[in-house]
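To start, the structure under review is shown below, and the notes come after it.
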Amino acid sequence: MAKKLALLIGVSEYQDGLPAIPTAVNDVRNMQRVLENPQIAGFDEVKPLLEPSFEQIRVGIHNLFAKRHKDDLILLFFSGHGITDKFGNLYLATPQTSGDAFQATAVSASYIQERMRYSDCRKQLVILDCCYSGAFAQGWQPKLNCDIALLASSSPSQASYEAEKTGIYTRYLVEGMEGAADTDNNGEVLIRELHSYAKEKVQLVRPKMKPYIQAFQEGFQIAIAKSQIIQTPLDYTNGNWRCAYTLSEHSDTVNCVAISPDSQTLVSGSADGTIKIWNLNTGIKFRTLEGHSDKINCVAIAPDGKTFASGSSDKNIKVWNLHTGKQVHKLGGWFPAHSNSIDCLAIAPDGQTLVSGSRDHTIKVWNLVKGKEIKKLSQHSWGVYSVAFTPDGQAIASDCLDHTIKLCGWDTEVLLQTFLDHSDWIWTIAISPNGQILASGSEDCTVKLWNLKTGKLLHTLTEHHNPVHSVSFSPDGQNLASGRYDNTIKLWNVENWQLIHNLTGHKNGVNSIAFSPNGRIIASGSDDNTIKIWRI
């Protein structure tokens with residue numbers, strides 16, 4: 001039967017010239033804790049070596065890889081000093097290592113690689129928290145047809161850093177294995193996820209530090225731990241929402257936010273004329289996109305997560321590659337998409353069709369792939385500030401400053417329903433995932449809930465005392481979030497329309513709200529120039 005086995009080496013004290021690394025022993029203990037935990041990594045055998053001699057390390061490494069089954073998973077972890085020779089070859093320092101004769105008293109990477117090649121085990125991991133640890137890959141010729149990965153705290157030519165009690169790198173590896181690195185919420189922490197998580201966290205603390213990964217065959221896909229995150233059922237009523245991050249790199253009002261289908265990426269648009277793309281789980285900004293000549297009013301991400309669209313007061317709609325940040329095309333070609341500011345966008349569930357609403361009183365339907373206009377709808381007599389597709393993609397709901405909401409078949413242009421009850425401008429609408437309820441927020445300080453099919457008013461939420469500029473349903477349709485100009489976000493139970501949470505923290509009005517598709521995150525953009533990321 002296949003086993004999971006680990007050897008953890010920590011060297012804190014050195015006899016001849018090398019400074020002590022007090023964190024190394026703690027690194028081993030913390031790594032041992034998560035590896036032995038059956039609810040996390042569940043390793044069958046974990047052997048710690050603390051302050052071992054040169055001989056003990058070599059023998060330990062030999063025994064780790066010897067006489068193993070081909071389906072075993074083997075992990076070698078080292079925390080201590082790393083030294084390179086003039087040819088860039090890495091050596092792991094032992095307590096007896098002498099700076100002048102380190103090749104004779106430190107364990108070479110080539111020795112470890114040799115033991116790995118001779119092993120029958122086909123899944124091998126090496127994790128090094130030491131200076132120059134990326135140099136382990138120098139001249140590496142791994143065994144063929146094996147899944148192998150190296151996680152290193154630094155590049156081949158770079159020092160690592162220690163935190164107060166544990167190495168910075170090991171700290172975030174442990175945190176990631178405990179579940180934080182399971183970014184796709186599938187119940188497993190893969191090596192590629194662990195590297196990405198630890199690297200981003202480390203660089204928040206030490207921007208110049210560059211954790212390194214090298215993998216062969218399916219090494220990137222090795223599952224090192226189980227995540228407990230998805231085993232916690234969502235409970236919006238009793239769960240505690242907290243602000244995990246405040247993103248403050250925009251220099252003006254944040255008008256819009258959108259979250260990718262895999263719940264990994266956030267896109268924001270601002271009155272400062274820029275679009276920013278963020279890692280939703282860490283709050284790290286990937287890139288800033290500039291291309292519009294006026295404020296960004298709306299963004300929408302395609303269902304496949306590959307592209308997104310942006311609408312601006314410059315009257316243009318641009319389509320971008322979400323992963324590279326490159327502009328794919330501009331809708332309308334050489335001409336502006338609309339004759340006035342574009343204030344809303346929505347993409348159909350099939351990812352082929354985009355709809356835009358403008359202050360020029362029109363709605364336009366576009367082929368998103370080709371960038372061509374399909375048709376123009378003119379059922380509104382005022383500017384259009386919000387649009388939404390029905391879940392089947394056959395109809396479009398749109399609001400207008402004439403206090404009305406209209407539901408229209410976009411292909412047939414047949415008016416299906418008109419919703420009348422607001423006493424002031426309507427700023428925002430959303431359709432529930434099951435297509436049964438339409439929510440609307442207005443300058444009249446109310447949120448109204450409608451039967452989408454019949455047009456009947458179901459309920460009016462009057463607890464707001466300021467205009468409501470954003471509404472969003474949770475992915476399961478059980479809750480509605482509303483953002484208003486008293487700087488708060490309210491979360492409502494859809495079944496009984498009871499207020500269950502009031503999120504505070506913004507210093508100005510909330511313009512935009514988005515739930516992550518996994519339901520665990522709310523992003524909010526505000527007039528205070530910030531985005532807040534809320535987690536349950």
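Everything quoted here is computed from the prediction, not taken from an experiment.
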Give the minimum heavy-atom separation between [X] and [Y], together with the two atoms involved.
X    : Y    : result
S263 : P517 : OG-CD, 3.3 Å
L449 : A439 : CD1-CB, 3.6 Å
I168 : V202 : CG2-CG2, 3.8 Å
L190 : F220 : CB-O, 4.0 Å
P303 : G351 : CD-CA, 3.7 Å
S470 : N511 : CB-O, 3.4 Å

Side-chain donor or acceptor of [X] paired with backbone N/O of [Y] under 3.5 Å:
X    : Y    : result
H329 : L368 : yes
N297 : I342 : yes
S251 : D272 : no
S270 : T253 : yes
S526 : N508 : yes
D399 : Y385 : yes
S512 : V257 : yes
D182 : K226 : no
K330 : F335 : yes
N255 : I296 : yes

Atom [atom1] of [X] and atom [atom2] of [Y]: how far apart are they, to the nearest 0.5 Å?
X    : Y    : atom1 : atom2 : answer
Q352 : D350 : CD    : CG    : 5.5 Å
N493 : Q498 : CG    : CD    : 7.5 Å
S339 : H361 : OG    : NE2   : 9.0 Å
S358 : I363 : OG    : CD1   : 10.0 Å
I224 : L151 : CD1   : CG    : 7.0 Å
H195 : L173 : NE2   : CG    : 10.5 Å

Ion pair check, D252 and K295, cut-off under 4.0 Å
no

Salt bridge present between R33 and E178 (N-O < 4.0 angstrom)
yes

Just checking, is any N or O donor in the side chain of [X] or [Y] under 3.5 Å from an acceptor N or O on the other one?
X    : Y    : result
N30  : T170 : no
K406 : S398 : no
K532 : T246 : yes
R192 : S196 : no
D27  : Y169 : no

Please collect all salt bridge (Lys or Arg N to Asp or Glu O under 4.0 Å) contacts where either partner lies in residues 366-388, sequence neighbours excluded, each pair once.
K364-E373, K375-D411, K375-E413

[X] versus [Y]: any side-chain heavy-atom pair under 4.5 Å?
X    : Y    : result
E200 : Y172 : no
E193 : E188 : no
L480 : I437 : no
P467 : C445 : yes
H465 : D486 : no
I259 : L266 : yes
I301 : I347 : no
S268 : H250 : yes

Going through the distances and angles, do T353 and W410 end up as a side-chain contact (heavy atoms from CB on, under 4.5 Å)?
CA-CA 10 Å; T353 308; W410 70 265; 4.2 Å; yes

Answer yes or no: are there more than 12 heavy-atom neighbours, outside K318 itself, under 6.0 Å from its atom NZ?
yes

Please collect all side-chain hydrogen bond (donor to acceptor under 3.5 Å, both in side chains) contacts where either partner lies in residues 428-443, sequence neighbours excluded, each pair once.
H422-S440, W427-E443, S432-N434, S440-W450, S442-D444

Dump the intermediate steps for side-chain contact (heavy atoms from CB on, under 4.5 Å) on I426 and K448, then the final yes or no.
CA-CA 10 Å; I426 302 168; K448 293 185 183 290; over 6 Å; no

Aromatic ring pairing W320/F308, orientation class (parallel under 30°, perpendicular over 60°, tilted between)
parallel

Could you check whether the rings of H459 and W497 sit parallel, tilted or perpendicular, using 30° and 60° as the cut-offs?
parallel

Please report the C-alpha distance between R171 and K201 in whole Å, then the side-chain angles of each, then the deciding distance to 0.1 Å, and finally whether the side-chain contact (heavy atoms from CB on, under 4.5 Å) criterion is met.
CA-CA 10 Å; R171 179 211 302 173; K201 285 288 192 177; over 6 Å; no

Applying side-chain contact (heavy atoms from CB on, under 4.5 Å) to S524 and H506, what does each step give before you reach the verdict?
CA-CA 9 Å; S524 56; H506 280 296; 2.8 Å; yes

T390: which residues meet the side-chain contact (heavy atoms from CB on, under 4.5 Å) condition with it, sequence neighbours left out?
D392, A395, L407, I431, L452

